[in-house]
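Comments concern the structure below.
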2 protein chains.
Amino acid sequence: MSDLLERLRERGWRLTAQRRVVAEVLDGDHVHLTADEVHARAAERLPEISRATVYNTLRELVHRGEVLEVSTDGRAKRYDPNAHRPHHHLLCARCGSIRDVHPTGDPLANLPAAQSFGFTVLEAEVTYRGICPDCAA
Amino acid sequence: MSDLLERLRERGWRLTAQRRVVAEVLDGDHVHLTADEVHARAAERLPEISRATVYNTLRELVHRGEVLEVSTDGRAKRYDPNAHRPHHHLLCARCGSIRDVHPTGDPLANLPAAQSFGFTVLEAEVTYRGICPDCAA
DNA sequence: ACCCTACATTGGACAGGATCTAAGGCAAGG
DNA sequence: CCTTGCCTTAGATCCTGTCCAATGTAGGGT
């Protein structure tokens, strides 16, 4: 994750304690925190950090393609640091928890040209929905 | 759409002017209105209709499987009356317009059991993103 | 045709998520 | 080490959606 910060700094991103903490909190696999969760964890290390800064930083990271934003059906968006390896998501319909998945095949190939309505199709995102082990119990 | 209302009435759904208007507004192909848009159009015919009733009715229709709820971005959910033929969506990244598409293959089959993390997987939803002809021009 | 009653509708309050604003703070180049 | 312009902050505000208590009404029963 320090790579990330270095990379961004070289692109003119001012490096602050707040941004560093947000990036650190997001680090890891299968991390899909809401903005509020990011704020809570960041505040453990940097108590004064504000919600607005967390939102600003997350928005920046998404915009620069370093973090994925995952909208989960009306609940709070979740933020996924695993933006560089393409993948899809498995979502618990009950509690909203998320796992990264790597399905076989290419969904883009399953959309016949006749179905494109003249669109330039850029990507396909697959969301699997189900009930997680915790919620099934 | 009158079929729909008949069907629901037979299942004990009380038929009111408000519900009729909401169902009428939703009728058609490639219709993906937000709750607020449904309310606005319904109010053209039935000025006193309240937002709460529109939300209630949409929730009921979704719950009974007559209408699909589509959460595109993190913005307002959209409601799709085409619930009986399974399909997916093609979304313009620029203007947000939506088209129904029918890709080949079954995305559910592309998720190996080893990837399920103990979830009971219920459905797979594919969202294609691109640029529509109007926005490309 | 008329009542009853359970179910629907209403408007306004409320809640959660996210954005905006204006004022003060601070990274980093000079 | 100073200056400048970007960052951060707290709190207001917006947007979407839900909840509530009071009122209205569809439609079965008589």
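Protein chains get the first letters and strands the later ones, always in sequence-line order, with residue 1 at the start of each.
With sequence neighbours excluded, the residues satisfying side-chain hydrogen bond (donor to acceptor under 3.5 Å, both in side chains) with Asp100(A) are His32(A), Asn82(A), His87(A), His89(A). Remark: Arg51(B) engages no residue in a side-chain hydrogen bond (donor to acceptor under 3.5 Å, both in side chains) (not counting sequence neighbours). Checked against salt bridge (charged side-chain N to carboxylate O under 4.0 Å, His left out), Arg64(A) has the following partners two or more places apart in sequence or in another chain: Glu60(A). For Arg9(B), the salt bridge (charged side-chain N to carboxylate O under 4.0 Å, His left out) partners at least two apart in sequence or on another chain are Glu6(B). In this view, Ser50(A) and Ala52(A), Thr53(A) satisfy the side chain to side chain contact (heavy atoms under 4.5 Å, CB included) rule, not counting sequence neighbours. Listed by chain and number, the residues in a side-chain hydrogen bond (donor to acceptor under 3.5 Å, both in side chains) with Arg129(A) are Asp73(A), Glu123(B), Glu125(B) (sequence neighbours excluded).
With hydrogens and angles disregarded, no donor-acceptor distance shorter than 3.5 Å links the side chain of Arg78(A) to the backbone of Glu69(A).
Sequence neighbours left out, not one pair with a member in residues 109-120 of chain B passes side chain to side chain donor-acceptor pair (under 3.5 Å).
Computed from coordinates, the Arg20(A) CZ to dA27(C) P distance equals 9 Å when rounded to whole Å. Residue Leu33(A) contributes atom CG, which lies 14 Å from atom P of dG17(C) at whole-angstrom precision. Atom P of nucleotide dA28(C) and atom CG of Leu8(A) are separated by 12 Å, given to the nearest angstrom. Spacing between atom CH2 of Trp13(A) and atom P of dA27(C) amounts to 14 Å, rounded to whole angstrom units.
Nearest-nucleotide assignment on DNA chain D puts the 5′-proximal partner with Ala76(B), out of Ala17(B) and Ala76(B).
Close approach of DNA chain D to chain A, defined as any atom under 4.0 Å from a non-hydrogen atom of the protein, starts and stops at dG5(D) to dA10(D).
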Could you give the side-chain donor-acceptor pairs of residues 34-44 of chain B under 3.5 Å, partners two or more places apart or in another chain?
{"residue": "Thr34(B)", "atom": "OG1", "partner": "Glu37(B)", "partner atom": "N", "Å": "3.1"}
{"residue": "Glu37(B)", "atom": "OE1", "partner": "Thr34(B)", "partner atom": "N", "Å": "2.9"}
{"residue": "His39(B)", "atom": "NE2", "partner": "Ile49(B)", "partner atom": "O", "Å": "3.0"}

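Using a 4.0 Å heavy-atom cutoff across all strands shown, Thr16(B) reaches sugar-phosphate atoms only and no base atom.
Atom-to-atom distance recorded for Glu66(B):CD and Leu68(B):CG is 10.5 Å, nearest 0.5 angstrom.
Comparing the start and finish of the helix from dA1(C)-dT30(D) to dG30(C)-dC1(D), five pairs each, the helix axis swings through 30°, to the nearest 10 degrees.
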Using a cut-off of under 3.5 Å, enumerate the N/O to N/O pairs linking the protein to nucleotides 19-26 of chain C.
none

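Its side chain within the 4.5 Å cluster rule, Phe117(B) clusters with Leu90(A), Val101(A), Leu108(A), Leu111(A), Phe117(A), Phe119(A), Val121(A), Val126(A), Tyr128(A), Leu90(B), Val101(B), Leu108(B), Leu111(B), Phe119(B), Val121(B), Val126(B), Tyr128(B) among the Ile, Leu, Val, Met, Phe, Trp and Tyr residues.
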